[in-house]
Amino acid sequence: MPEPLHFDVPEALTASHGSTPGGRAWLAGLPALVGGLLELWSLRPDGPFRNGMAGLVLPVVRAGGAPAVLKAQPLTPESADTAPGLRAWNGAGSVRLLEHDPATGGLLLERLDAARPLSSVPDGTEALEVLAGLLARLTAVPAPAGMRTLAGVAAAMTADAPAAVPLLGREGDRALVRACAGAVADLLESPGDRLLHWDLHYDNVLAADREPWLAIDPEPLAGDPGFDLLPALDNRWEEVETSGDVARAVLRRFDLLTERLGLDRSRAAGWTLGRVLQNALWQVEDGDEVLDPVQVAIGSALLEHRY
């Protein structure tokens, strides 16, 4: 057995995974897991650990001297499709998968420039154009067989919505959830079969040598590309607020995305309302009685002007 590394588990990971027995077990075994992956792939640490809410990332050097990144994350339904999704993209618009350990969910990825996320680009339109271009490329790829589907996600959302509505304290929020659920119900028979990233926001795009920008941290899903637009609408929200016309700024982003991806605006609006619904259901599940005003603004703009 490899000797485990000794490091303090980041607080963000403890907050994300420490509430369940399985999560606490994963956290306790994390040093040994990382040590095992380093030995498995003959890797040498090459910098400090980084982390998000879900996993731990370590810059490494491979046996031949090439830089890479090791990522450790719990085995979940969301992470299970990461490796198949990255293989399907094969580095075209996304970070390249170098190795995968199915037993632990460990990933070895090409190293990108973590100091230069797309969020660092000061011009909002330029950043949105980059994001739209990546979305167009990624969602052009058919989803591999056996991947989670938007059909299943959408059916579950529409089934859960009626029970969530009475738990919201404002009639406007209740009406928005009902409208979003209705929009999704109208699309259930054609959920799509493209490979979706599901979380392509500006901090999940990094500068690279192989291409100017590449997507990282996908949560792959098989479905309609319209379901992938919301992160580009609600990120960098301060730019929307300072525009002076929130609805117009939202629709400007929406128009740019749908045009670049070649999407039918009505369908794309319906699936984007599905993402608003998903976020609302998550909020209700967490005990919130009032919806996020950003989600309300996006949903209201699409319902009033597009759907």
Side-chain angles (χ1 to χ4, degrees), residues 76-81 85 135 138-139 142-201 218-234 247 250-251 253-254 257-258 261 263-307:
T76 65
E78 290 77 17
S79 67
D81 288 329
L135 273 174
L138 297 176
T139 59
M147 186 161 286
R148 286 178 306 158
T149 66
L150 178 54
V153 171
M157 289 194 300
T158 55
D160 292 343
V165 168
L167 302 178
L168 291 167
R170 301 187 304 198
E171 175 52 34
D173 288 350
R174 294 192 290 268
L176 178 62
V177 169
R178 287 192 293 264
C180 289
V184 174
D186 290 342
L187 296 169
L188 285 177
E189 293 185 0
S190 54
D193 62 356
R194 301 292 92 182
L195 181 54
L196 309 185
H197 184 287
W198 205 354
D199 194 27
L200 193 61
H201 55 75
E219 298 178 11
L221 183 74
D224 189 291
F227 198 64
D228 244 3
L229 304 185
L230 185 65
L233 298 178
D234 67 11
V250 168
L251 294 174
R253 289 183 174 188
F254 181 77
L257 291 164
T258 52
L261 273 70
L263 302 181
D264 176 86
R265 281 174 169 75
S266 179
R267 284 183 57 82
W271 283 122
T272 302
L273 291 170
R275 288 295 291 271
V276 174
L277 174 63
Q278 185 175 59
N279 288 333
L281 294 175
W282 285 338
Q283 280 198 261
V284 171
E285 185 178 347
D286 288 342
D288 294 341
E289 297 181 359
V290 176
L291 295 184
D292 178 1
V294 174
Q295 300 298 306
V296 172
I298 292 171
S300 300
L302 292 175
L303 285 166
E304 182 176 354
H305 297 283
R306 291 291 178 183
Y307 195 82

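The model shown is predicted, which means the values in this text are computed figures rather than measured ones.
- For Leu195 against Gly85, the heavy-atom pair with the smallest separation is CD2-O, 3.6 Å.
- For residues 168-177, every residue pair satisfying the salt bridge (Lys or Arg N to Asp or Glu O under 4.0 Å) rule, not counting sequence neighbours, is listed here: Arg170-Asp173, Glu171-Arg174, Glu171-Arg178.
- Take Asp264 and apply the side-chain hydrogen bond (donor to acceptor under 3.5 Å, both in side chains) test, not counting sequence neighbours, and it matches no residue.
- If you take CG on Leu273 and CD on Gln295, they are separated by 10.5 Å, rounding to the nearest 0.5 Å.
- For the atom pair Thr258 OG1 and Leu135 CG, the distance stands at 11.5 Å (nearest 0.5 Å).
- Between Ala232 and Arg253, the closest heavy-atom pair is O-NH1, 3.3 Å.
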- Task: With side chain to side chain contact (heavy atoms under 4.5 Å, CB included) as the test, would you mind laying out the steps for Met157 and Leu281 before giving the verdict?
- Result: CA-CA 8 Å; Met157 289 194 300; Leu281 294 175; 3.9 Å; yes
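- Side-chain atoms of Leu176 and Leu168, non-hydrogen and from C-beta on, never get closer than 4.5 Å to each other.
- Ala161 approaches Leu277 most closely through the heavy-atom pair CB-CD1, 4.3 Å.
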Test side chain to side chain contact (heavy atoms under 4.5 Å, CB included) applied to Leu229 and Leu263, step by step: CA-CA 11 Å; Leu229 304 185; Leu263 302 181; 4.2 Å; yes
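- For the pair Ile298/Leu302, a side-chain contact is recorded, criterion being any heavy-atom separation below 4.5 Å from C-beta on.
- Asp199 has its side chain out of reach of Asp228: every pair of non-hydrogen atoms, C-beta onward, lies at least 4.5 Å apart.
- When side chains are defined from C-beta on, Arg267 counts as touching Ser190, because their heavy atoms get closer than 4.5 Å.
- At a threshold of 4.5 Å between non-hydrogen side-chain atoms, the residues Arg194 and Pro142 count as touching.
- Contact between Ala301 and Val250 at its shortest, heavy atoms only, is CB-CG1, 4.1 Å.
- The aromatic rings of Trp271 and Phe227 sit perpendicular to each other, their planes meeting at more than 60°, with 30° as the lower class boundary.
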task = For side chain to side chain contact (heavy atoms under 4.5 Å, CB included), just list the numbers for Trp198 and Val153, CA-CA rounded to whole Å, side-chain angles, deciding distance to a tenth of an Å, and then say yes or no.
result = CA-CA 12 Å; Trp198 205 354; Val153 171; 4.1 Å; yes
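- Two residues are said to be in side-chain contact when any heavy atoms from C-beta on lie closer than 4.5 Å; Leu187 and Asp224 fail this criterion.
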Q. Could you walk me through whether Val177 and Leu291 pass the side chain to side chain contact (heavy atoms under 4.5 Å, CB included) check?
A. CA-CA 10 Å; Val177 169; Leu291 295 184; 4.0 Å; yes
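- The two residues Ala247 and His305 have their closest heavy-atom pair at CB-NE2, 4.3 Å.
- In terms of the side-chain hydrogen bond (donor to acceptor under 3.5 Å, both in side chains) criterion, residue partners of Gln283 (sequence neighbours excluded) are, by chain and number, Asp288.
- Taking every heavy atom of both residues into account, Thr158 and Ala185 meet most closely at CG2-N, 4.0 Å.
- To the nearest 0.5 Å, atom NE2 of residue His197 and atom CG of residue Leu138 are 7.0 Å apart.
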